[in-house]
Colleague: 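Attaching a single structure in structure tokens format; questions to follow.
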Amino acid sequence: MSRRVRLYDIAHARAGDKGDVSNVSVWVEDPAHYAAVRRELTPERIRAAFPRLVRGAVEIHALPHLLGLNIVMREALEGGVNRSLNLDGHGKSWSYLILRLKIELDPPSKTRVR
Amino acid sequence: MEALRRLEGGERPGRVLRIGCGAGFSSDRLGPAVDLLAEGRLDWLVLECIGERTMAFGHRDRRRDPSAGYNPRLAARMRALLPLCRRHGTRLLSDMGVANPAAAAERTIAIARELGLAGLTVAWLEGDEVTDIVDRDTPLLEGGTVGEAEGALLAANAYLGIEHLLPALLTGADVVLTGRVADPSLFLAPLVLHFGWEAHDWERLAAGTLVGHLLECGMQVTGGYFADPGRKEVPDLARCGYPLAEVGPDGEAVVTKLASAGGRVSAATVKEQLLYEVHDPTAYVTPDVIADFSRVTVEEVGRDRVRVAGARGRPRPERLKVTLAFDGGWLGEAGVSYAGINAVARAELAREILRERLLGIHGLRCPLRFDLIGVDSLHGTAGVGPVRTEDVRLRVACRTREREEAELVLWETEAILTCGPAGGGGFRGRIVESVTTASSFVARDAVHARVEVLEA
């Protein structure tokens with residue numbers, strides 16, 4: 001059985017913008033999946049996945065007690081809402097770009113706490 | 001600061017404050033704000049209506065007409081809300097003044113008179129516009145200086161905070177209208193007034209800032225930016241309600257909505273809003289406090305009731321953030337649609353032809369973008385692969401200092417109908433003035449806010 005899933009299937013997300021900086025908060029639903037998401041969603045992974053979109057630095061902030069990660073992407077909005085020619089100048093839909101990424105889940109034995 | 005001293009002890013510190021949000025952006029819905037005001041037993045209703053985009057539009061509008069520049073939907077909102085404010089003793093606070101708070105206040109007074117609301121008072125706050133303080137050498141957060149930026153500086157607005165808002169609230173006016181104020185400050189100021197929190201009580205100011213941050217985007221916390229059919233359901237989203245918070249004396253709060261309204265308040269909707277437009281969760285910077293949301297707890301305590309607590313605070317920043325608006329020239333947008341068998345290929349051909357005509361034949365050098373809506377328009381920049389569709393729209397967009405160039409983009413896009421692939425239709429095009437923005441800082445003591453009160 002494949003343990004490789006879309007982030008979409010195990011988490012939800014919301015995108016926000018400030019100037020040319022986009023942030024996408026990702027919220028994992030099952031605590032058993034959090035470690036894998038935290039391990040796999042790295043700044044390098046985000047930059048490599050969207051090299052044409054994310055031109056600046058990427059930071060990731062963790063809120064483990066809420067099963068959250070905040071992905072902050074600089075120079076990721078084509079100049080920001082008042083400059084971009086993208087129809088979605090706010091990058092409101094960027095949350096669904098992130099949710100497309102695949103996550104390799106840990107084997108059940110390692111994570112299942114009952 | 002005679003007025004601020006009167007804050008001591010608060011207005012009614014022992015009682016829970018009920019504060020609602022009746023708009024989270026410029027064009028937010030009106031009906032649910034009316035419902036919340038009618039049924040919510042609110043002390044305060046806050047309408048938060050400015051974004052980086054709408055602040056820029058306000059300056060654009062005021063340039064065209066000196067009596068404009070406030071929120072274009074102010075009149076409709078005031079007509080619906082003012083009578084209910086009076087009936088329920090709810091005070092209204094809003095940044096709908098945008099680039100012209102004085103004109104917004106005058107319009108509100110005129111509407112109150114039309115409605116027969118004699119004696120209604122409106123306080124308006126100015127001083128956020130700091131265009132005179134900014135000069136060519138002012139550095140921009142984005143790099144370079146004001147003088148080096150492309151386009152003439154139209155206006156600069158500082159984000160005011162509770163120190164500027166409280167004198168306006170202390171006038172006792174029924175309605176308080178402002179220009180640029182930090183969004184959470186619009187909610188924090190009524191809390192400080194009510195509970196009498198000290199100016200350096202960073203923990204409580206952070207707690208109130210958390211409440212403001214969760215409410216400021218309206219329905220984004222009640223299910224309005226959340227639903228994903230089959231994945232994240234929101235009941236009766238068509239009648240989604242605005243949020244209200246019940247806030248206690250230490251800033252602990254329950255976020256909820258009217259039981260009669262649609263929508264949903266859950267740990268998930270609150271968590272998504274907790275980090276909305278937040279970068280470092282340990283340092284959410286407002287003019288009032290540096291709030292740390294990293295240890296906030298989110299707990300479902302009833303149906304559509306979520307308790308939040310645990311925000312921490314550090315002393316406020318010395319400088320105030322400023323948004324600068326520059327003349328951005330013209331934004332031109334035009335489109336035609338293709339549908340049916342092989343629609344994507346026909347639209348692709350139209351895109352290649354237009355690219356060749358605009359760039360190759362006419363030699364346009366302004367920023368241009370060619371999208372296939374339905375295929376690659378939003379995430380095309382991210383390199384996400386194409387999708388299958390038989391209903392696709394070619395969109396061409398340009399940003400230019402020369403209006404003639406934008407006119408040319410519209411002309412050539414319309415002409416593709418009969419000088420391009422088969423079956424194209426539905427041309428639409430528009431040209432709008434564009435305003436670009438950048439950020440900077442000013443010293444707090446360089447900003448001088450002023451309050452005036454009008455009576456109907």
Side-chain angles (χ1 to χ4, degrees), chain A residues 8-9 11-29 49-55 59-100, chain B residues 51-53 55-57 141-142 150 217 220 225-226 228 231-232 267-282 293-298 310 323 325-326 328 331 333 367-371 373 377-384 395-399 434-439:
Chain A
Y8 178 85
D9 297 316
H12 55 102
R14 174 169 296 190
D17 73 299
K18 268 197 201 306
D20 200 14
V21 183
S22 170
N23 86 287
V24 175
S25 69
V26 174
W27 306 95
V28 176
E29 285 164 340
F50 311 111
R52 290 162 56 190
L53 185 70
V54 184
R55 293 162 192 277
E59 304 150 23
I60 298 185
H61 303 272
L63 271 68
H65 69 295
L66 297 178
L67 306 182
L69 288 174
N70 194 32
I71 304 171
V72 182
M73 299 171 284
R74 299 185 187 277
E75 296 173 62
L77 287 169
E78 304 173 48
V81 66
N82 289 319
R83 209 174 285 269
S84 168
L85 284 175
N86 195 313
L87 262 179
D88 180 13
H90 292 100
K92 296 275 188 191
S93 63
W94 276 205
S95 51
Y96 282 85
L97 271 177
I98 299 293
L99 290 173
R100 178 188 290 278
Chain B
E52 288 175 353
R53 189 180 60 103
M55 187 77 236
F57 289 169
L141 214 55
E142 292 79 2
E150 200 187 341
C217 292
Q220 286 196 182
Y225 183 41
F226 185 80
D228 189 347
R231 180 71 181 78
K232 298 190 292 176
T269 67
V270 170
K271 286 198 293 184
E272 284 197 11
Q273 194 55 25
L274 175 65
L275 293 187
Y276 179 71
E277 292 183 348
V278 171
H279 295 163
D280 179 354
T282 67
F293 293 161
S294 67
R295 281 179 273 179
V296 164
T297 56
V298 175
T323 296
F326 296 93
L331 172 68
E333 285 187 287
L368 275 163
R369 183 180 175 108
F370 302 83
D371 292 317
I373 297 175
S377 63
L378 303 193
H379 292 170
T381 317
V384 174
R395 166 183 179 261
V396 186
C398 70
R399 202 177 284 284
S434 166
V435 179
T436 59
T437 53
S439 300

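Just so it is clear: chains get the letters A, B, ... in the order the sequence lines come, proteins before strands, and each one is counted from 1.
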Colleague: Rounded to the nearest 0.5 Å, what separates atom CZ in R83(A) from atom CZ in F326(B)?
Modeller: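 So the gap between those two atoms works out to 8.0 Å.
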Colleague: Taking side chain as everything from C-beta outward and backbone as N, CA, C, O, which of these in D9(A) sits under 4.5 Å from a heavy atom of chain B? Side chain, backbone, both or neither.
Modeller: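 Backbone only.
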Colleague: Between Y225(B) and chain A, which part of the residue has a heavy atom less than 4.5 Å away: side chain, backbone, both or neither?
Modeller: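 Both backbone and side chain of Y225(B) come within 4.5 Å of chain A.
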Colleague: Please rank L87(A), L63(A), L53(A) by heavy-atom pairs under 4.5 Å with chain B and give me the top one.
Modeller: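 So the answer, after comparing L87(A), L63(A), L53(A), is L87(A).
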Colleague: Under 4.5 Å heavy-atom distance to chain A, tell me which part of E142(B) shows up: side chain, backbone, both or neither.
Modeller: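 For E142(B), neither part sits under 4.5 Å from chain A.
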Colleague: Measuring heavy-atom distances to chain B, does N23(A) have an atom under 4.5 Å in its side chain, in its backbone, in both, or in neither?
Modeller: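 For N23(A), side-chain heavy atoms alone lie under 4.5 Å from chain B.
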Colleague: Can you tell which part of E29(A) gets under 4.5 Å to a heavy atom of chain B, answering side chain, backbone, both or neither?
Modeller: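 It is the side chain, since no backbone atom gets that close.
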Colleague: Using 0.5 Å steps for rounding, measure from the CG atom of D20(A) to the CZ atom of R74(A).
Modeller: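 So the CG of D20(A) and the CZ of R74(A) are separated by 10.5 Å.
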Colleague: At a 4.5 Å cut-off on heavy atoms, which part of A62(A) comes close to chain B: side chain, backbone, both, or neither?
Modeller: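 The answer is neither part of A62(A).
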Colleague: Please flag which part of E78(A) lies under 4.5 Å from any non-hydrogen atom of chain B: side chain, backbone, both or neither.
Modeller: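 For E78(A), the contact with chain B is made by the side chain alone.
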Colleague: Under 4.5 Å heavy-atom distance to chain A, tell me which part of L141(B) shows up: side chain, backbone, both or neither.
Modeller: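 For L141(B), no heavy atom lies under 4.5 Å from chain A.
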Colleague: Which distance, rounded to the nearest 0.5 Å, do you find between the OG of S25(A) and the NZ of K271(B)?
Modeller: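 Nearest 0.5 Å value for the OG-NZ distance: 9.5 Å.
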Colleague: Using non-hydrogen atoms only, which part of A76(A) is less than 4.5 Å away from chain B: side chain, backbone, both, or neither?
Modeller: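 Nothing of A76(A), per the 4.5 Å heavy-atom cut-off to chain B.
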Colleague: Among K92(A), R100(A), E75(A), H90(A), who wins on heavy-atom pairs under 4.5 Å with chain B?
Modeller: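 Option with the greatest count: K92(A).
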Colleague: Of the backbone (N, CA, C, O) and the side chain (C-beta and beyond), which part of H65(A) lies under 4.5 Å from a heavy atom of chain B, both, or neither?
Modeller: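 Just its side chain gets close to chain B.
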Colleague: At a heavy-atom separation under 4.5 Å, does V298(B) approach chain A through its side chain, its backbone, both, or neither?
Modeller: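 Answer is both: backbone and side chain atoms of V298(B) are under 4.5 Å from chain A.
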Colleague: Checking heavy atoms, do the side chain of A325(B), its backbone, both or neither come under 4.5 Å from chain A?
Modeller: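 Neither part.
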Colleague: Using the side chain to side chain donor-acceptor pair (under 3.5 Å) definition, which of the options T323(B), T436(B), T437(B) pairs with N82(A)?
Modeller: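 Passing option: T437(B).
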Colleague: Report the C-alpha separation of R399(B) and S434(B) in whole Å, then their side-chain angles, then the decisive distance to 0.1 Å, and conclude whether the side-chain hydrogen bond (donor to acceptor under 3.5 Å, both in side chains) test is met.
Modeller: CA-CA 8 Å; R399(B) 202 177 284 284; S434(B) 166; 2.5 Å; yes
Colleague: Between C398(B) and chain A, with a heavy-atom cut-off of 4.5 Å, which part of the residue counts as in contact: side chain, backbone, both or neither?
Modeller: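 Backbone only.
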Colleague: Hey, what do you get for CG (D17(A)) to CG (L77(A)), rounding to the nearest 0.5 Å?
Modeller: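 Rounded to the nearest 0.5 Å, the CG-CG separation comes to 6.0 Å.
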